[in-house]
Amino acid sequence: MPVSLYNTMSRKKEVFEPLVPSTARLYCCGPTVYNYAHIGNLRTYVFEDILHRVLEFNGFKVMHVMNITDVGHMTSDADDGDDKMQTAALRENKSPWEIAKFYEDAFFLDTSRLNIIKPQVTPRATEHVVEMIELIQRLEANGYTYVTTEGVYFDTSRNDDYGKLARLQLENQRTGRNEVVADETKRNPSDFVLWFLNKPTHIMKWESPWGPGYPGWHIECSAMSIKYLGETFDIHCGGVDHIPVHHTNEIAQSECATHAPFVKYWMHGEFLLMNGGKLSKSKLTQQTNDQRPKISTLQTMIDAGYDPLSYRYLCLQAHYRSELNFSLEALDASTAGLRKVYSLRPETDPLAGDAEAYQTARRRVLDAMNDDLGVPQAVGILNSYGSYSLWAEFDAVVGIDFVKRAKTTDVELPAEVLELIAKRNEARKTRQWAASDALRDQLIGMGYEVGDGAQGTTVKSRSL
RNA sequence: GGAGCCGUACCCAAGUGGCUAAGGGAGCGGACUGCAAAUCCGCGAUUCACCAGUUCGAUUCUGGUCGGCUCCUCCA
């Protein structure tokens with residue numbers, strides 16, 4: 001079965017046929033590095049990683065680009081007109097560049113902990129201002145812009161198919177909530193800024209043909225994707241929230257500048273919900289009265305004793321186009337499930353020695369994955385077979401370090417551990433159950449699994 | 001006001017116009033055992049929010065009701 005992907009543009013699953021045979025050119029909207037990524041953000045990067053891996057598994061060479069938004073944009077989460085990067089800089093008494101570097105590093109640490117393959121190119125917005133200005137100039141030459149005291153605007157009324165991705169009906173769009181101050185200099189409510197002007201308090205600024213200022217939010221993705229992948233490329237990903245504004249505007253400005261179709265397949269990941277709603281970066285630092293550990297970033301999850309791959313595994317069990325209800329109960333369930341996967345051994349592989357059965361099973365898993373990244377189904381099939389070799393092969397997509405974690409031979413135990421085992425056996429012999437249980441807990445705390453069977457006590461290192 | 005999504009067992013969750021509605025966790029029963037933990041085996045929705053309609057047949061299609069979520073404002 002060929003790879004088919006759900007295209008937001010057509011609202012249908014389509015067979016993936018790249019513009020250049022066997023090469024998939026993929027652009028994913030990356031993080032704005034003014035705070036830690038929360039686990040909802042990370043879910044989207046797991047989805048994009050799965051896409052990357054499924055394409056590679058099917059023999060495509062993947063050219064993966066993801067931007068780092070290190071330039072602030074107007075308005076904070078509270079809509080008070082502050083720039084996020086600048087607000088963070090003031091809060092932490094650092095320069096915006098220091099803030100950006102710090103959270104960029106934190107972001108890549110998180111993604112590597114989740115076994116997310118790093119895109120080959122991760123361009124920073126601040127290093128591509130020249131490309132953005134050139135793109136705006138192309139738009140200007142084509143007659144799609146106008147300048148006000150606030151900045152250079154894209155005139156959406158000149159773009160006939162503006163809003164085609166989101167199927168917007170512009171006349172029915174709200175002009176904004178009451179508390180949002182409307183920009184009076186815009187000609188149309190849907191017009192958006194390409195280049196901000198006259199912002200004296202803004203720290204990050206660049207010279208431009210229109211005066212000193214800084215780029216609008218959307219232009220960086222157009223400029224950098226075009227630079228690294230060409231004026232038309234295969235797949236563009238992001239969260240569902242990007243459909244109506246960010247991606248809509250990217251399409252408008254890109255296609256009006258190049259007069260070429262921008263992207264062939266648009267893919268969007270659904271939100272992770274917590275307590276029935278989405279997470280917000282601006283609320284990461286808020287306190288809670290909840291007795292249970294509050295999980296918002298990957299680090300808080302790790303601090304609460306969870307393995308990042310438990311979270312990855314949880315994400316894999318829900319389809320990327322469905323909302324996922326996060327809870328500690330769900331995370332516990334995925335941890336227990338993953339532990340069981342790691343306990344598979346080649347010696348008890350039900351498919352061992354039966355090449356035909358293996359191929360049938362392999363086909364089923366691959367078909368599920370290739371059907372719009374049906375990874376939840378694929379994982380279900382993998383679980384129903386319980387085959388070491390099948391998991392080992394598909395770990396290329398699943399990415400849970402299967403072979404490494406599901407150790408085939410147990411490592412030699414350190415003397416300290418052997419001593420504890422001896423002490424525990426002694427305690428068991430004399431029926432001192434409390435003492436022996438305490439020793440077992442100690443071993444578990446040190447990362448070992450203790451089991452008492454008919455052949456005596458076995459101790460092996462835990463992988464989770 | 002507009003656009004879109006969702007509602008499947010205790011929890012997470014996949015899926016389909018008609019074979020037994022995946023998988024994981026929890027739970028229960030059993031084996032083993034220290035009436036323990038770990039492990040292993042078995043069981044689990046006569047039913048897919050509700051009400052109509054289309055159909056020989058709907059959880060799956062259409063319409064409505066109720067409930068929830070997202071976007072239209074920076075956002076994964």
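Because the structure is a prediction, the values reported are computed rather than measured. All chains are named by letter (A, B, ...) in the order of the sequence lines, taking the proteins before the strands, and each is independently numbered beginning at 1.
A49(B) is paired with U65(B) under the Watson-Crick or G-U wobble criterion, all donor-acceptor distances under 3.5 Å. If you check U70(B) for Watson-Crick or wobble pairing at under 3.5 angstrom, you find it paired to A3(B). Across the strands present, C10(B) finds its partner in G25(B); the criterion is a Watson-Crick or G-U wobble pair with both atom distances under 3.5 angstrom. Figure legend. U55(B) is base-paired to no nucleotide; pairs are counted as Watson-Crick or G-U wobble with both atom distances under 3.5 Å. With a cut-off of 3.5 Å on both Watson-Crick or G-U wobble distances, the partner of A37(B) is given as none. Partner assigned to G44(B) is none, using Watson-Crick or G-U wobble distances below 3.5 angstrom. The partner of C19(B) is absent, by the rule that a Watson-Crick or G-U pair needs both atom distances under 3.5 Å.
Here the P atom of nucleotide C74(B) and the CD atom of E250(A) are 14 Å apart, to the nearest Å. Between the P atom of C74(B) and the OH atom of Y103(A) lies a distance of 22 Å, rounded to the nearest Å. The interatomic distance linking M66(A) (CE) with A76(B) (P) rounds to 11 Å, in whole Å. We find that CD of E270(A) is positioned 9 Å from P of C6(B), with the value rounded to whole Å. Rounded to an integer number of Å, the gap from CZ of R167(A) to P of G2(B) is 18 Å. Atoms CG (L273(A)) and C1' (G7(B)) sit 13 Å apart, rounded to a whole Å. Between the P atom of C74(B) and the NE2 atom of H247(A) lies a distance of 14 Å, rounded to the nearest Å. Atom pair D241(A):CG and U70(B):P shows a separation of 11 Å (rounding to whole Å applied).
Under the side-chain contact (heavy atoms from CB on, under 4.5 Å) criterion, A336(A) pairs with no residue, sequence neighbours left out. Partners of N249(A) under the side chain to side chain donor-acceptor pair (under 3.5 Å) rule, at least two apart in sequence or in another chain, are Y162(A), H218(A).
Rounded to the nearest Å, the gap between the C1' atom of U60(B) and that of A21(B) is 11 Å. Between G44(B) and C72(B), the distance separating the two P atoms is 46 Å to the nearest Å. Taking atom C1' in both A22(B) and U47(B), the straight-line distance is 15 Å, to the nearest Å. When the C1' atom is compared between A9(B) and U59(B), the two are found 14 Å apart, to the nearest whole Å. Distance noted for atom P between C5(B) and G25(B): 33 Å (whole Å). With P as the reference atom, U62(B) and G18(B) are 16 Å apart, rounded to whole Å. With P as the reference atom, C43(B) and A58(B) are 30 Å apart, rounded to whole Å. Separation of the P atoms belonging to A45(B) and C61(B) is 25 Å when rounded to the nearest angstrom.
Within the nucleic acid shown, H319(A) comes within 4.0 Å of sugar-phosphate atoms alone, with no base atom in reach, counting heavy atoms only. Among the atoms of the strands shown, only primed sugar atoms or phosphate atoms (P, OP1, OP2) are found under 4.0 Å from some heavy atom of H242(A). V245(A) comes within 4.0 angstrom of sugar-phosphate atoms only, judged by non-hydrogen atoms across all strands, and of no base. L331(A) comes within 4.0 angstrom of no nucleic acid atom, judged by non-hydrogen atoms across all strands. Residue contacts for L42(A): at a heavy-atom cut-off of 4.0 Å it reaches no nucleic acid atom on any strand shown. Residue contacts shown for F47(A) are absent, as no nucleic acid heavy atom lies under 4.0 Å away.
Between R158(A) and D155(A) no salt bridge is recorded (no basic side-chain N to carboxylate O distance below 4.0 Å).
Where G269(A) and G374(A) meet RNA chain B, the nucleotide closest to each residue was compared, and G374(A) sits on the side nearer the 5' end.
Of the possible donor and acceptor atoms, none in the side chain of Q432(A) sits under 3.5 Å from a partner among the backbone N and O of R428(A).
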Inset, instruction - Classify every nucleotide of nucleotides 20-38 of chain B by which part a protein heavy atom approaches to under 4.0 Å, writing B for the base, S for the sugar-phosphate alone and - for neither, in 5'-to-3' order. - result: --BBBS--------B-BB-
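The cationic group of R345(A) does not satisfy the cation-pi geometry with Y388(A), failing either the under 6.0 Å distance to the six-membered ring centre or the 45° limit from the ring axis. In this structure, K94(A) satisfies the cation-pi test against F102(A), with its NZ or CZ atom closer than 6.0 Å to the six-membered ring centre and inside 45 degrees of the ring normal.
Atom CG in L338(A) sits 5.5 Å away from atom OG in S310(A) (nearest 0.5 Å). Here the CG atom belonging to D49(A) is positioned 8.0 Å from the NE2 atom belonging to H64(A), to the nearest 0.5 angstrom.
Residue N325(A) has its side chain nearest to A13(B) when only A13(B), U70(B), A76(B) are considered.
Scanning both residues, E270(A) and R43(A), for their nearest heavy atoms gives O-NH1, 3.3 Å.
None of Y311(A), F108(A), F107(A), Y320(A) except one satisfies the ring pair (Phe, Tyr, Trp, His ring centres under 6.0 Å) rule with Y45(A); the exception is F107(A).
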